[in-house]
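Everything on this sheet refers to the single structure shown next.
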Protein chains: 2
Amino acid sequence: MATIKDVAAAAGVSVATVSRVINNGPKVSDKNRAKVKQVMVDLGYRPNANARALVTQSSPTLGLVFSELTDPFFATLAGGVEKIAREHHRQLLISNGLVSADTERQAIETLLEQRCEALVVHSKALSDDELIAYAEANPAMVLINRHIPQIAHRCVWLDNRAGGEAAGRYLMSLGHQKIACVSSRYHIEDPQLRLEGLQQALAEAGQPLADIAIEHGDPNQTGGEVATQNLLSKNLGATAIVVYNDAMASGVISVLTDNGYRVPEDVSVIGFDDVLLSRYLRPKLTTMRYPIEMMAMEAAEMALSLSSGKSVSDCHKYVPTLVKRDSVLALRG
Amino acid sequence: MATIKDVAAAAGVSVATVSRVINNGPKVSDKNRAKVKQVMVDLGYRPNANARALVTQSSPTLGLVFSELTDPFFATLAGGVEKIAREHHRQLLISNGLVSADTERQAIETLLEQRCEALVVHSKALSDDELIAYAEANPAMVLINRHIPQIAHRCVWLDNRAGGEAAGRYLMSLGHQKIACVSSRYHIEDPQLRLEGLQQALAEAGQPLADIAIEHGDPNQTGGEVATQNLLSKNLGATAIVVYNDAMASGVISVLTDNGYRVPEDVSVIGFDDVLLSRYLRPKLTTMRYPIEMMAMEAAEMALSLSSGKSVSDCHKYVPTLVKRDSVLALRG
DNA sequence: CATCAAACTGGAAACGTTTACCTAGATCGC
DNA sequence: GCGATCTAGGTAAACGTTTCCAGTTTGATG
């Protein structure tokens, strides 16, 4: 592969001049500029990004650590980051953290070795302390979907608790009194907070959520199916089910339907996330919207700003909003 | 950020020795090895990947060019490539080609500047000739979802025509005689070939597909809805519809249902791709499976093999297979 | 005790750029 | 015609590694 020296030799100029042409720098005559450009295409010259990064001490890249490309939620997240990277002409580097502390650490380390200019990290497995340490060592790192008070200005996060509350309040406002919940069995904070929010809203209204009305399962369609089967066999007579996410909700609806319950006439179902899926389901899913693409875009913008020394605003909290579709019915009014 | 020299100085050895420790090379005493390792963690030293890539003339990275992270189909593709990259400890670089020739070219160029070790490219906009030129200049580049005879051994592709044929034959074997088609309005080869396959199968059976029974639309839910509305208003009395992909099929089913047609009792629907979605729809979608993850994994493996000088086998053609679910009904038998 | 190989260690060149600094010529005002 | 001022262009150092080659120990052997 041709180097800058080859180009310089072939064009009869010095490497400095070629470099100036590459970077659209000043101090080169139109004649030489044209000549060099011609030689570059003749030789199929392509500047070596690594050499550049080495000498300039920074490479125009944006690193992203997260887990599952295949999951629509994460795909949307990645899509948002990619969009910003593209707008800023930054190369996107992706590292999968799976959801294990070792892998997440490994993924961050790899990206740091690449000397990424900016970093967006989705970590569920690493401890607050470890993430704080990384953040301090790396001024252009931003966390997404996580809230750590000590570095709050570098966190873009969703108020999961408020989402749980809102879902509960909404159902109660429609007259629902017997409410059940299908949650995720993973011990991360998101399901925990959503559930707490729901419990709080119901408790404040004097209709506390009984533990027996809560089922846990894998946060996917099958998990939703199993949890709903368990719920139904307890014969609690719930008129509404608050579900951890849309994928589980699809399983919930599916099992309800198979067992002769009509959604929403007999049982209302409310999801969480508002991923693509929710519009494809029948009935179309009423759900709490997780504006993940917007959040991902902000996180990417923030990381890029930080990398160029700009400061960013303090609060990056988002709140889930209710999206009314067809899976919830009013019991009165 | 600490460099190898800092480590060498702090450990009282030469940079050569530190380098050997970093690379687990031989010829360094246990004493020094331990000492250097200790200093590395003390200083928070991280080798500079760019410097490494520069001197070794290759960087352990796998580049991927494709379009829409947010689309479940492409997300699955990316997921497959990512999996292989991870297994081989390769950093994944992603560039979006949108679906424009300029952007696709730009995306490939950027990746080449990064001196990626291997390259997987999904291109629909660039010409055969241009891709052939890239492939020749770059021995470790593999094309996915495209078949160019001159460089067939570097193409991983799906036989779209065979898929169209199979869908048609299947419906006819169930007694369907009035078959309609909802296709994509994009002028790329995939929809064209699927349609041709379908037409051929029907023609061979003596029940050619009338042009009036073909509608085109955007390859998404809305496109499927619009196309179906158009189809219905022609009042052709079709008992089955072959649809370009699953997203469109969801729109097709939705409009059919809204207009009082039961699926599959009144009208059968068959999709294409078998993305996640098809299992969430009601009725569950019968579709032609596009084994994109498997194909993406093979493409990535191939690119990596080629980059290390190994040769790869000749034929990488995949064939869509029928996945029977609940959206198709037998008219007899 | 001299010799030799093996094991370890260090010096220095090289990778492909960017850029600070310098030089030579051209232009200009007087 | 002369110094001052510009301008285009070149020289060379630097970035952080790897690795070849040439030492220098060390311990065993004759």
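For the numbers below, each heavy atom of this structure counts, side chains included, while hydrogens, waters and symmetry mates do not. Throughout, a chain's letter reflects where its sequence line sits, starting with A, and its residues are numbered from 1.
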Atom pair OG/CD of Ser95(B) and Gln91(A) - distance to nearest 0.5 Å
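One gets 3.5 Å once the value is rounded to the nearest 0.5 Å.
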Nearest 0.5 Å, what's the CG-CG distance between Leu193(A) and Asp159(A)?
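Interatomic distance, Leu193(A) CG to Asp159(A) CG, rounded to 0.5 Å: 8.0 Å.
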What's the [atom1]-[atom2] distance between [X] and [N], to the nearest Å?
| X | N | atom1 | atom2 | value |
| --- | --- | --- | --- | --- |
| Glu113(A) | dT17(D) | CD | C1' | 13 Å |
| Arg46(A) | dT17(C) | CZ | P | 12 Å |
| Arg20(A) | dC22(C) | CZ | C1' | 11 Å |
| Leu43(A) | dG16(C) | CG | P | 14 Å |
| Asn48(B) | dT18(D) | CG | P | 10 Å |
| Lys35(A) | dG9(D) | NZ | C1' | 16 Å |
| Lys27(B) | dC21(D) | NZ | P | 11 Å |
| Lys5(B) | dG11(C) | NZ | P | 12 Å |

Could you work out which one of [options] sits closest to the side chain of [X]?
| X | options | value |
| --- | --- | --- |
| Val13(B) | dT17(C), dG10(C), dC15(C) | dG10(C) |
| Thr17(A) | dT9(C), dG9(D), dG16(D) | dG9(D) |
| Ala16(A) | dT11(D), dT17(C), dT18(C) | dT11(D) |
| Ser14(A) | dT11(D), dT17(D), dT17(C) | dT11(D) |
| Asn23(A) | dT18(C), dT18(D), dT9(C) | dT18(C) |

Relative to the 5' end of DNA chain C, which residue comes earlier, Arg115(B) or Lys31(B), by the nucleotide with the nearest heavy atom?
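First, find each residue's nearest nucleotide; the 5'-ward one identifies Lys31(B).
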Any side-chain N or O of [X] less than 4.0 Å from the OP1 or OP2 oxygen of [N]?
| X | N | value |
| --- | --- | --- |
| Asn32(B) | dC8(C) | no |
| Ser29(A) | dT7(D) | no |
| Arg52(A) | dT18(C) | yes |
| Gln57(A) | dT18(C) | no |

Heavy atoms only, 4.0 Å cut-off, all strands: where does [X] land among base, sugar-phosphate and nothing?
| X | answer |
| --- | --- |
| Asn50(B) | nothing |
| Pro26(A) | nothing |
| Ser19(B) | base |

Are the charged groups of Glu82(A) and Arg86(A) less than 4.0 angstrom apart, N to O?
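Yes, Glu82(A) and Arg86(A) are salt-bridged.
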Salt-bridge test for Arg146(B) and Glu189(B): reply yes if a basic N is under 4.0 Å from a carboxylate O, no otherwise.
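No, this pair does not count.
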Any donor and acceptor pair, going by atom type alone, linking the side chain of Glu117(B) with main-chain N or O of Ser307(B) inside 3.5 Å?
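Side chain of Glu117(B) to backbone of Ser307(B): no pair is present.
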Classify the ring geometry between His122(A) and Phe74(A) as parallel (under 30°), tilted (30 to 60°) or perpendicular (over 60°).
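Taking Phe74(A) first and then His122(A), their aromatic rings stand perpendicular (interplane angle over 60°).
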